[in-house]
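Have a look at the structure below before the remarks.
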Amino acid sequence: MALRLHPHASACGKVILLGEHSVVHGYPALAAGLSDGIALEANALPNATDTMTLAIPEWDLDLSLTADSEHPVARACHEVLTHCDGPVTGWSIRGRSRIPSRAGLGSSAALTVALARLALGEDAEHGEVVAASLAGERVFHGQPSGIDSHVAAAGGVLQFIRGRDPEPVPLREPLRLLVMPSGVPRSTADQVAKVSDRLKRLPALARPALELLGAAVREGRTALERADYSRLGEIMDISHETLSGLGVSSRVLDELCADARDGGALGAKLTGAGGGGCCIALPPEHTSIALDALLARGIEPFEVEVSP
Ligand code: PMV
């Protein structure tokens, strides 16, 4: 067992740019890593046998990391450290994050990837880091697809098809996005079940909607690679309306997207499971989206950059 943790490690958060829900049914999706998802710092405690601790003020987390903890975050972190053959006592870990937790922005994958890097080092091999992250992700999500861990470790934009290795999508320049957390909790499992139910009851309508979402990924990828943002924005708008047609939007999410478009966004959509969670909007080049209407709703939008 390694006795030391590295002093610093970081990992990305994630948004799904295009293709949520249709990805469950075999179509491609595009996911993007949000820089500054989380940064961890480890400090040795006075005794090597002192209980390991984790504090992330922005996520209201202040935990003892023990295998038998009732807190899933503590158990997940313990799994990651054990998987990495790292120390499981004797260190205090402190984190800073710019993304909210439990909002579909990949916070758990960011944490488990950064923790794996504390144990293995920032230069650890991608596959090794993802495997360690997945050991923790299984505590939260049962059988996760793995996309969150891959994006948290790799950053950039990845195209993902179920059952295949993710493929990096080259960007010409950093991609700016406005993230709009609705503050409404959501259940990914419930939203996925809603779409599957609609597909069963109304296949003649739901199947073409899923095909359209898959086509939006193909068209959106080309627009992204060409840095054609007005086209990408239009594709985001169409995706949002189609997801809404599948029943996974909500009045609040529709209103956030409308506010962003009124504020100058080139396009806006829900991201992730829907029903709550977050929306994303594409700012016009060289300027920002007007936030007044969004702020008046009491939400806290924030701009992020996806690195090429
Ligand atoms: O909101 P999230 O990060 O849980 O995203 C869910 C994405 C879905 O396509 C709806 C489900 C999935 O497993 O891909």
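Every value quoted in this text rests on a predicted model; they were computed, and no experiment measured them. We count ligands from 1, going down the list as the structure has it; atoms in each ligand are counted the same way.
Applying the side chain to side chain donor-acceptor pair (under 3.5 Å) definition to pairs two or more places apart or across chains, those involving residues 269-285 are Glu20-Lys269.
Using modelled atom types, one finds a donor on one side chain and an acceptor on the other under 3.5 Å when comparing Asp68 with Thr66. Between the side chains of Gln191 and Arg186, no donor N or O sits under 3.5 Å from an acceptor N or O.
In this structure, the side chains of Leu199 and Leu210 come closer than 4.5 Å at one or more pairs of heavy atoms.
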Just list the N/O pairs, ligand 1 to protein, that are under 3.5 Å apart, with the distance for each.
from	atom 1	to	atom 2	distance (Å)
ligand 1	1 (O)	Arg186	NH2	2.8
ligand 1	1 (O)	Ala273	N	2.9
ligand 1	3 (O)	Lys14	NZ	2.7
ligand 1	4 (O)	Arg186	NH2	3.2
ligand 1	4 (O)	Thr188	OG1	2.7
ligand 1	9 (O)	His21	N	2.9

*Dump the intermediate steps for side chain to side chain donor-acceptor pair (under 3.5 Å) on Ser307 and Ser35, then the final yes or no.*
CA-CA 7 Å; Ser307 307; Ser35 318; 3.3 Å; yes
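His150 contributes atom NE2, which lies 7.0 Å from atom CZ of Phe160 (distance to the nearest 0.5 angstrom).
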